[in-house]
Amino acid sequence: MKSVWSQRGVRVLALVCMGTVCAAQPSQPPQVCALFGADGKKICADELYFEQHLDHFRFDSNAIKTWKHRFLVNDDHWGKGTSPLKVPAGCPGPILMYTGNEGPIDAFWGSNGFMVNHLAPLWGALLLFPEERYYGKSTPFGPQSLTAENAVYLTTEQVLADYATLLTWYKDTHNATSCPVVAFGGSYGGTLTTYFRRMYPTLTVGGLAASAPIGYYSNSGWAAHNVNAYTWIDIVQKVFSSTQYGGEACFNRLKATVEAVETAGATAQGRDMLAKRMHLCDVSVLGADPTNFLIDALETLPQEDYPYAIGSLPAWPVNATCRIAADAFAAAVDDTDLIGLAANITDMFYGYTAGGACLQGEGQGGIPGGGPGPAEWGPWGVQSCTETLHQFSSSKSGHGFRDFQFNMDEVVTACATYYALKPNPPWAEMHWGGYGIGDGNAGVTHLIWSNGLLDPWHGGGFLRPFSNNDELHWFIMPQGAHHLDLRGPHPQDPPNVTATRAAEQAILARWIEEASQDA
């Protein structure tokens, strides 16, 4: 017999039958755990799988093909909230669903303390975290998922249909059909939450889309919303130029450091020296351009400029980087000293510790913010070749650390080589609505968009509020990095982030209770 699952989604009994005798074998699913809050509270979720459709939009033999879709569930507080909301009769409590984005779902479990460690115990909510297809353990074709033939099933439409199918099944099989659902998402996950509200408005009562850069994929609206090819990198530069350790001088010091690395990397001897000083496993980690390893770190730091330490990064890592740069330049004699500065930055960003393992990987360079790449770079390379192409540029002349000019012909060639795909950026804008969603012209209701001004992705966010009756809300956090509001409350949070979370909580609670009254 197949395993039997309890009402709350936990495997409670497996039956092993020999002849006519069946013996009960207790079994528990594996769990994904993370530490939350300043006190490091450990919270776990069950790791489960759902037999998911491969193609939701065909009715031939492909319609019956399935794959194992990983999702996480936690029902520790379901129906047992410290401040429960009013929900329909027969519903234990609301369901909070994270629309998983480009990465393993266990990583997003640990970075969503607002849902996991605050709202769920407060409201008595169930937590549901589906993983995006092709990421983590949700690979429809296993190791062959990113071949040109198999990668065609990685689209935003298929991802959203996965979540709609899984959510509907879960509610139907767990006596939760009347339970109101709120969607949450950060970054591309925020884009998915927005699109989920647009495509499946009856499945949720609202959504919180944090740091959703939908405007970056809506090129026809760039001019009207003050966006151009340099917006992303200009925000990076502005953040480095606004720190307490040197202001604009910090950016110029880092730019000079990049140039020192570039000079050293012009010779084989210099590349060997860079690999040794930067604690790389071998020279290949530098990639095609020896500055890429450092530049990848510098361009990523602003979006991770959180007010407290996370992983290898200290609190306010941009400030920390500028302080390191100021100290280095105060004592620097020549470019050799700047190579030491570059190593200090990459050690901090990539997590090297003295005596620890060498640093692996490869500096990618290319389009600022990420773009098409080979299968070994992961599934985002595929998505960059279809609907989520970043048409960004960079220039040493006032726009960042390096010269890079976006070239669509080069992108088309790369995508054809990697996956036999051709990008079609206008499709996403036409199909989903682009800036029309945030401007109130797409018929979408009950959404919150939040953005932090330290985050370069806010340049493509929905930032301009207008008077409306559709329950659309916008929040700007001047000291917020990438979807900081989705992380749990922390003593070191800036007041504007704390106030944003409080407002979001009040809006979402009201939506849940209003929907429950109508049920």
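- Enclosure of atom CG in Leu35 by more than 12 non-hydrogen atoms of other residues, nucleotides or ligands within 6.0 angstrom is indicated.
- Checked against a 6.0 Å centroid threshold, the rings of Trp432 and Tyr217 do not count as neighbours.
- Between Phe129 and Tyr98, the distance from one ring center to the other falls under 6.0 angstrom.
- Aromatic rings from His390 and Trp457 are positioned such that their centres are separated by under 6.0 Å.
- Tyr245 pairs by the ring-ring contact (aromatic ring centres under 6.0 Å, His included) definition with nothing, not counting sequence neighbours.
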Which pairs of donor and acceptor atoms, one on a side chain in residues 201-216, lie under 3.5 Å apart (sequence neighbours left out)?
unit_1, atom_1, unit_2, atom_2, d
Thr204, OG1, Arg197, NH1, 3.2
Ser211, OG, Asp455, OD2, 3.4
Ser211, OG, His483, N, 2.7
Tyr216, OH, Pro456, O, 2.8

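- Exactly one of Trp169, Trp67, Tyr163 qualifies for a ring-ring contact (aromatic ring centres under 6.0 Å, His included) with Phe50. That residue is Trp169.
- The environment of Gln360 atom CD is sparse: at most 12 non-hydrogen atoms of other residues, nucleotides or ligands sit within 6.0 angstrom.
- Aromatic rings from Tyr49 and His69 are positioned such that their centres are separated by 6.0 Å or more.
- Evaluated for a side chain to side chain donor-acceptor pair (under 3.5 Å) with Gln479, the options Asp305, Asn496, Asp493 yield exactly one hit, Asn496.
- Looking only at side-chain heavy atoms (C-beta outward), Trp474 and Ile476 stay at 4.5 Å or farther from each other.
- Summarising the geometry of Arg487 relative to Ser111, their closest heavy-atom pair is CG-O, 3.6 Å, with the distance given to 0.1 Å.
- Between Thr243 and Cys322 the shortest heavy-atom distance is OG1-SG, 3.4 Å.
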Trp232 and Ile367: side chain to side chain contact (heavy atoms under 4.5 Å, CB included), yes or no, with the steps? CA-CA 11 Å; Trp232 190 90; Ile367 298 174; over 6 Å; no
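- None of Asn150, Val152, Thr388, Leu146 except one satisfies the side chain to side chain contact (heavy atoms under 4.5 Å, CB included) rule with Val382; the exception is Leu146.
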